[in-house]
Every structure is written in C-alpha cells, then in structure tokens.
Enquirer: 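Here it is, the structure, as structure tokens.
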Amino acid sequence: MGDARAMMGREVMDRIRKVVDSNQGKKAYYLLVASRQDPTDEKRIRTTIVLSGVQPPKMLGTMCFHVDNQKGRAKRLWVLPLDRPSVIKAPPAELVPEIAAAARRLPIIHG
C-alpha cells in the first residue's frame, strides 16, 4: 500500500510540475488539485488541476498552492484528504499541526 501511495504521489507531483512549467508566463496564481471518486467506477479516483486568479475555498480532497513566478516561489497552502471512511489500525505516524489547525471551525465544502 505504501509503494502504491508513493507512486500516486509522484504521478500527481509530475502533473503539477508540468502545469507550473507550462504557465511560467503568468505572474501569480493559485493551483487547486482536487481528487474525487469517479462516479462510474468506485475504485477509481480522478484528480483535476485547476488554475485560478483568486484563492479557492477549502474543500475536502484538495491541495492548494500559490505560485508566484515573479519571485520564483510556490507555497503549499493546504492539503485536505477526501472524506472517505476507512478502518485505521494504527494512528497516523505524524500529525501536521498546520493542517489540523486549518481544519478547525471550517465550513468544509465537498464538491
């Protein structure tokens, strides 16, 4: 399972890198990476990458980056997992305080 997860992560990061490389002419933008279950195949997760001039709302199953080509920087703003029930046999290896803090008192939108 760990190898599959790592491979999927590399695939998504490769796609993000291609989008960033192809948009170097834009000054600054937000990059929203959204994952959701395929409505026609429950075993498949679809990932979409969307560029926006304004910061999108926080939604479950998304990652958001702010890319500033003038400064040559990209900053991860959040990573929120899908809201999918699962059996966890062991607690997560590490809690990311920023993500936990960002999730408190949020009106979460799943879309």
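Residue numbers count from 1 along this sequence.
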Enquirer: Can you find a pair of side-chain heavy atoms, one from Arg73 and one from Val67, that are under 4.5 Å apart?
Expert: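 Of all side-chain heavy-atom pairs linking Val67 with Arg73, none is under 4.5 Å.
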Enquirer: I'd like to know if the side chain of Arg15 and the backbone of Thr47 have a donor-acceptor N/O pair within less than 3.5 Å.
Expert: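 The answer is yes, because a donor-acceptor pair under 3.5 Å joins these two groups.
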Enquirer: Please name the pair of heavy atoms, one in Phe65 and one in Val33, separated by the smallest distance, quoted to 0.1 Å.
Expert: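 Smallest interatomic distance, heavy atoms only, reads CE1-CG2, 4.3 Å.
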Enquirer: Taking Leu31 as the fixed residue, which of Leu77, Asn23, Ile49, Val50 is the one that meets the side chain to side chain contact (heavy atoms under 4.5 Å, CB included) rule?
Expert: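 Single pass found, and it is Ile49.
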Enquirer: State, to 0.1 Å, how close Lys26 and Asn69 come at their nearest heavy-atom pair, and which atoms those are.
Expert: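 Nearest pair, atom of Lys26 first, then Asn69: O-ND2, 2.6 Å.
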Enquirer: Would you name the heavy atoms of Leu32 and Trp78 that are closest together and state the gap between them?
Expert: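 For Leu32 and Trp78, the tightest heavy-atom pair comes out as CD1-CZ2, 4.2 Å.
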Enquirer: Can you name the closest pair of heavy atoms from Asp68 and Gln70 and give their distance?
Expert: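 Heavy-atom minimum between the residues: OD1-N, 3.1 Å.
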Enquirer: Once you round to the nearest 0.5 Å, how far does OG of Ser52 lie from NE2 of His66?
Expert: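 Result: 10.0 Å between the selected atoms.
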Enquirer: Under 4.0 Å between a Lys/Arg side-chain N and an Asp/Glu carboxylate O for Asp14 and Arg17?
Expert: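 Salt bridge between Asp14 and Arg17, a charged N being under 4.0 Å from a carboxylate O: yes.
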Enquirer: Are Val12 and Met63 packed together at the side-chain level, in the sense that at least one heavy-atom pair is separated by less than 4.5 angstrom?
Expert: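 SC-SC contact between Val12 and Met63 confirmed.
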Enquirer: Is the shortest side-chain N to carboxylate O distance from Arg46 to Asp38 below 4.0 Å?
Expert: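 Yes, this pair counts.
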Enquirer: Indicate the atoms forming the closest heavy-atom contact of Pro56 with Tyr30, along with that distance.
Expert: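 Result for this residue pair: CD-CB, 3.9 Å.
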